[in-house]
Undergrad: 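The structure is given below, and queries will be raised subsequently.
Residue numbers begin at 1 in each chain, while the letters A, B, ... track the order of the sequences.
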2 protein chains.
Amino acid sequence: MSNLTEPEKKILDAARKVFEINGYAGARMQEIADEAEISKASLHYYFRSKENLFERIFDETMTDFMQLVSTWNDDSEDWEAKLRRFICEFFSFLKTKSLLFIIGEINRNPDLLLSRRKKSKPKAKFIEYFERLQANGKVEPVNMYVIYIFMHSLCSYPILNSRMFQMTTGLNNHDFEQFMKEYPDQVADLLIFSLKRGLKETR
Amino acid sequence: MSNLTEPEKKILDAARKVFEINGYAGARMQEIADEAEISKASLHYYFRSKENLFERIFDETMTDFMQLVSTWNDDSEDWEAKLRRFICEFFSFLKTKSLLFIIGEINRNPDLLLSRRKKSKPKAKFIEYFERLQANGKVEPVNMYVIYIFMHSLCSYPILNSRMFQMTTGLNNHDFEQFMKEYPDQVADLLIFSLKRGLKETR
DNA sequence: ACCTTTGTTGACCATTTGGTCAAACCATAT
DNA sequence: ATATGGTTTGACCAAATGGTCAACAAAGGT
């Protein structure tokens, strides 16, 4: 399956860790080598260059991300339960793989997205699904692009910026952790309610 | 007022620009000097070191940010209008000063926040204000920390990650721009509605 | 005119860092 | 044992980069 040798996996794990913390420019090949418990020369034996290693991590993250985001099987499950489950899984994923450095690198070099435009239509399924429900009168007529962006923002940003939120809310580690455990359900509540009642008072 | 000489201002503008795009590690003193149209030696004449320059930018951004976020004058204005105006102003601010690199640096070195903990209680006014309204029965009993985080996430993330949203929505530049122009009002609608009706069905 | 203070810069330096390479190491087959 | 092919690494290199400095220019006061 994974098609990767043991040392390659170890290196990729180390590289992800170092890149996520330091970004491309701040990452050091020596640090990646140390983290993978090999010499810098060995690191270059497995991966030609820093650029090469970065591309592997970037591609892997984007692929996983796109795959998760475009997962939306059209089973018969209740749409509310489906949405809630999706939000919780999405949130868990974001805690695992930090998108911060990915976003940073994309901002620095937008071409990184161009190369993947072909295989990425993640919004399609999600939005099409709810537009269908909308047509059937099951949910309110709200702009689904807005809902889509709301969902991403509400799930991603609190993780990206958790440090500042912890500071500004003044919660201690334990309370904040508890808060974040309940958080995805609050997001689900909000989005479900919005889909059922719209974004504002109907006049 | 500004207490800064002309060349200092020019350098700080240049530095902000370069740091925002490249982060601390990726920023080059030469590039900042070029952007400010002076020599690298002159740059060091005005600002001892890269670290020093970074601190200036970081502090300035954090100060502006905290000041904006903690602005919440207790005038008699309708709370809905007040919230809507705040969201629009917040959104405009975030378009001007990119928080992406700030968040990255904080993640890399959380101590950057510790030094400023004293002068920062930005949540206080906002949350206290709405908790007071809540006590008076003007808004629904929802967790105000959640509302606070929702507001920040909804305003910040679409700007941070605008490139990916533009790609995944498939909107062209013009349509996306239009979409983002209407966006803050949608956020305001949602939050106002949530405060008036709660986050989910009352049972 | 001369001096002092402030600003400006090319040339230079020390360190860091991505990347290379030849030599050594190790397993396995012959 | 010897050869072979993959793996590992210390030593090394060239380029990039933050920072310094002496020399020079500009401005203003006397």
Undergrad: Please determine whether a side-chain nitrogen or oxygen atom of B:Arg28 lies at a distance below 4.0 Å from atom OP1 or OP2 of D:dG18.
TA: yes
Undergrad: Mind checking A:Tyr46 for me? I need base, sugar-phosphate or nothing, with any heavy atom below 4.0 Å counting as a touch.
TA: sugar-phosphate
Undergrad: May I ask you to verify if any side-chain N or O of B:Ser49 is less than 4.0 angstrom from the OP1 or OP2 atom of D:dG18?
TA: no
Undergrad: Using a 6.0 Å distance limit plus a 45 degree cone around the ring axis, check whether A:Lys50 lies over the aromatic ring of A:Tyr24.
TA: yes
Undergrad: For the atom pair CD (B:Glu20) and OG1 (B:Thr61), what is the distance rounded to the nearest 0.5 Å?
TA: 6.5 Å
Undergrad: Tell me which nucleotide among D:dG19, C:dT9, D:dT9 gets nearest to the side chain of B:Met29.
TA: D:dG19
Undergrad: Assess whether one donor atom and one acceptor atom, taken from the side chain of B:Lys50 and the base of D:dG19, lie less than 3.5 Å apart.
TA: no
Undergrad: Quick one: pull up CD1 in B:Ile87 and NZ in B:Lys82 and give me the separation to the nearest 0.5 Å.
TA: 13.5 Å
Undergrad: Can you find a side chain N or O atom of B:Tyr45 that sits less than 4.0 Å from OP1 or OP2 on C:dG7?
TA: yes
Undergrad: Under 4.0 Å between a side-chain N or O of B:Ser39 and OP1 or OP2 of C:dT8?
TA: no
Undergrad: Describe the nucleic acid contact of B:Ala27 in one word from base, sugar-phosphate, nothing, applying a heavy-atom distance below 4.0 Å.
TA: sugar-phosphate
Undergrad: With the side chain counted from C-beta on, respond yes when A:Leu83 and A:Phe130 share a heavy-atom pair under 4.5 Å apart, and no when they do not.
TA: yes
